[in-house]
**Student:** 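Just dropping this structure here.
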Amino acid sequence: MNTKKVKIGSRVIGGNNPILIQSMTNTKTEDAAATIAQIRRLEDAGCEIVRCAVPTMEAAAALGEIKKQVSVPVVADIHFDYRLAVAAIEHGADKIRINPGNIGSPERVRAVVDAARERKIPIRVGVNSGSLEKELVQKYGGVTAEGLVESALGQVRLIEDMGYDNLVISIKSSDVMMCVGAHELLAPRTEHPLHVGITEAGTLTAGNIKSAVGLGLILHQGIGDTIRVSLTGDPVEEVKSAKLILKTLGLRKGGVEVVSCPTCGRTQIDLIGLAGQVETLVSGYDLDIKVAVMGCVVNGPGEAREADLGIAGGIGEGLLIRKGEIIKKLPESELLPALKAELDALLKQKKGSYV
């Protein structure tokens with residue numbers, strides 16, 4: 001969907017700009033040092049926009065120091081108290097996330113809008129299924145996609161009527177198919193950029209599956225300008241998952257893709273451990289290639305044919321494979337260093353092509 005362009009710090013979303021990856025810190029924002037450290041880890045993982053909870057005035061004030069020491073745009077997440085939103089804006093937030101429905105009177109919403117207008121920063125209007133207005137729950141006989149959309153558009157209209165349209169919309173639900181349906185209803189009815197995610201998705205396994213299904217269905221229709229994979233755990237995992245979802249959908253290039261076989265009775269090497277080591281190793285390489293990790297020397301070379309590089313394990317030894325061709329046989333302990341040497345050579349070659 002062709003949405004309006006919105007500037008968030010140094011980044012621009014909407015229009016034909018790439019879909020950006022967002023995550024949220026789980027540190028106490030008041031602890032600026034811990035929050036800065038986590039944001040830097042998120043940046044290293046590929047996070048492009050970061051959101052921080054602002055439940056206190058101390059947290060709002062900490063944004064000033066945080067902003068000085070990170071390079072990604074910082075979004076302030078506000079609930080209930082409009083004064084926190086105003087303070088966060090004054091301390092340099094690049095965007096404000098509010099639910100106007102829980103901010104209070106129109107006058108309080110206007111105070112936030114006026115502060116955002118003065119600093120020329122966008123407001124993200126966020127509606128969650130868990131906070132849908134009672135009258136809409138009653139109107140639709142429960143929490144529904146239609147109710148979420150009506151709530152979001154009503155709150156957007158409230159801000160637009162105040163003369164401000166520098167907005168981003170998010171409508172989230174932990175019900176995957178409801179969330180998909182809501183986005184399908186909303187997208188044709190607005191030009192504002194959409195932030196997409198499945199809220200309260202769960203732990204690493206459940207959250208990844210629900211997010212992959214939901215985000216996959218939404219993004220494949222051309223809906224969405226920023227995404228967050230919500231996981232209970234280290235937010236760096238959210239970024240890794242978001243990158244993989246975008247890459248799987250063909251919406252992002254770059255980064256090493258690791259493919260590995262599921263193990264079977266022929267596996268004669270610690271494939272699970274080796275695949276994990278390879279995944280960690282390749283995360284530091286800016287290369288657009290595929291690396292295969294195979295568990296046996298019988299099918300390994302054939303299965304790794306479509307990969308740029310591959311290793312296949314045997315009893316205490318393994319094969320190094322390049323473009324489906326066996327390069328050499330090595331002791332098991334030398335497989336990882338040999339793969340690293342190949343990656344280093346490709347990276348050097350890539351950097352040389354830029355000179």
Side-chain angles (χ1 to χ4, degrees), residues 6-13 20-40 42-43 47-104 108-128 131 152 155-156 158-159 162 164-172 192-195 197 199 225-228 230 235 238-239:
V6 167
K7 191 170 186 294
I8 306 169
S10 59
R11 309 304 295 257
V12 178
I13 65 169
L20 298 187
I21 294 170
Q22 182 169 314
S23 185
M24 186 170 183
T25 55
N26 58 15
T27 55
K28 299 294 184 184
T29 307
E30 295 88 343
D31 186 345
T35 304
I36 290 164
Q38 188 172 78
I39 292 175
R40 286 176 175 169
L42 288 166
E43 287 181 278
C47 183
E48 293 153 323
I49 301 173
V50 69
R51 183 157 49 112
C52 298
V54 180
T56 65
M57 282 295 178
E58 290 77 17
L63 291 178
E65 184 60 29
I66 291 166
K67 280 281 299 168
K68 291 177 186 176
Q69 299 195 44
V70 301
S71 59
V72 292
V74 175
V75 181
D77 188 84
I78 311 294
H79 285 281
F80 307 115
D81 192 339
Y82 78 100
R83 293 168 298 184
L84 294 174
V86 173
I89 292 169
E90 290 172 348
H91 286 285
D94 295 300
K95 184 171 80 169
I96 295 293
R97 186 272 189 188
I98 61 170
N99 179 342
N102 70 28
I103 286 294
R108 292 179 176 182
V109 175
R110 184 181 294 278
V112 178
V113 171
D114 288 345
R117 189 193 339 261
E118 183 180 345
R119 298 293 180 102
K120 298 180 180 178
I121 69 166
I123 297 172
R124 174 181 143 194
V125 177
V127 175
N128 285 357
S131 59
Q155 295 183 23
V156 165
L158 171 68
I159 295 175
M162 294 176 180
Y164 201 60
D165 67 351
N166 190 5
L167 303 174
V168 177
I169 306 175
S170 71
I171 47 172
K172 293 187 179 182
H192 295 301
L194 301 182
H195 171 71
T199 193
D225 299 281
T226 65
I227 65 168
R228 180 192 175 193
S230 297
E238 299 183 349
V239 178

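The analysis underlying the following values was restricted to heavy atoms, covering all of them including side chains, and did not include hydrogens, waters or symmetry mates.
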**Student:** For the pair Asp94 and Lys67, find out whether any cationic side-chain nitrogen is under 4.0 Å from an anionic carboxylate oxygen.
**Tutor:** yes

**Student:** Quick check: closest heavy atoms across Val12 and Leu20, and the distance to 0.1 Å?
**Tutor:** O-CD1, 4.4 Å

**Student:** Using the side chain to side chain contact (heavy atoms under 4.5 Å, CB included) rule, pick out the option among Gln22, Arg11, Glu43 that qualifies with Glu48.
**Tutor:** Arg11

**Student:** Please report the interatomic distance CZ(Arg228) to OG(Ser23), rounded to the nearest 0.5 Å.
**Tutor:** 5.5 Å

**Student:** Considering non-hydrogen atoms only, spot the tightest contact between Ala85 and Ile96 and give its length.
**Tutor:** O-CD1, 3.8 Å

**Student:** Are Gln38 and Thr25 linked by a side-chain donor-acceptor pair shorter than 3.5 Å?
**Tutor:** no

**Student:** Step by step, would you call Leu42 with Val72 a side-chain contact (heavy atoms from CB on, under 4.5 Å)?
**Tutor:** CA-CA 9 Å; Leu42 288 166; Val72 292; over 6 Å; no

**Student:** Which atom pair, heavy atoms only, marks the closest approach of Ala60 to Leu84?
**Tutor:** CB-O, 4.3 Å

**Student:** Over all heavy atoms of both residues, which pair between Ile36 and Glu65 is shortest? Give the atoms and the distance, please.
**Tutor:** CD1-O, 4.0 Å

**Student:** Start with the C-alpha distance between Gln155 and Ile159, add both sets of side-chain angles, then the distance that settles side-chain contact (heavy atoms from CB on, under 4.5 Å), and finish with yes or no.
**Tutor:** CA-CA 7 Å; Gln155 295 183 23; Ile159 295 175; over 6 Å; no

**Student:** Using residues 119-126 as the side-chain source, report each donor-acceptor pair under 3.5 Å to any protein atom, sequence neighbours left out, with the distance given to one decimal.
**Tutor:**
from: Arg119; atom 1: NH1; to: Ile89; atom 2: O; distance (Å): 3.3
from: Arg124; atom 1: NE; to: Ser170; atom 2: OG; distance (Å): 3.0
from: Arg124; atom 1: NH2; to: Ser170; atom 2: OG; distance (Å): 3.2

**Student:** After noting the C-alpha distance and the side-chain angles of Val54 and Leu63, does the key distance pass the side-chain contact (heavy atoms from CB on, under 4.5 Å) rule?
**Tutor:** CA-CA 9 Å; Val54 180; Leu63 291 178; 4.0 Å; yes

**Student:** Could you pull out the closest heavy-atom pair between Ile49 and Cys47, with the gap in Å?
**Tutor:** O-SG, 3.0 Å

**Student:** Working to the nearest 0.5 angstrom, can you tell me the gap between Asn102 CG and Arg108 CZ?
**Tutor:** 11.5 Å

**Student:** Where is the tightest heavy-atom contact between Arg97 and Asp77, given as atom of each residue plus distance?
**Tutor:** CD-OD1, 3.2 Å

**Student:** May I ask you to test the His192-Asp165 pair for a side-chain heavy-atom distance under 4.5 Å?
**Tutor:** yes

**Student:** With no hydrogens and no angle check, do the side chains of Thr27 and Thr35 hold a donor and an acceptor under 3.5 Å apart?
**Tutor:** yes

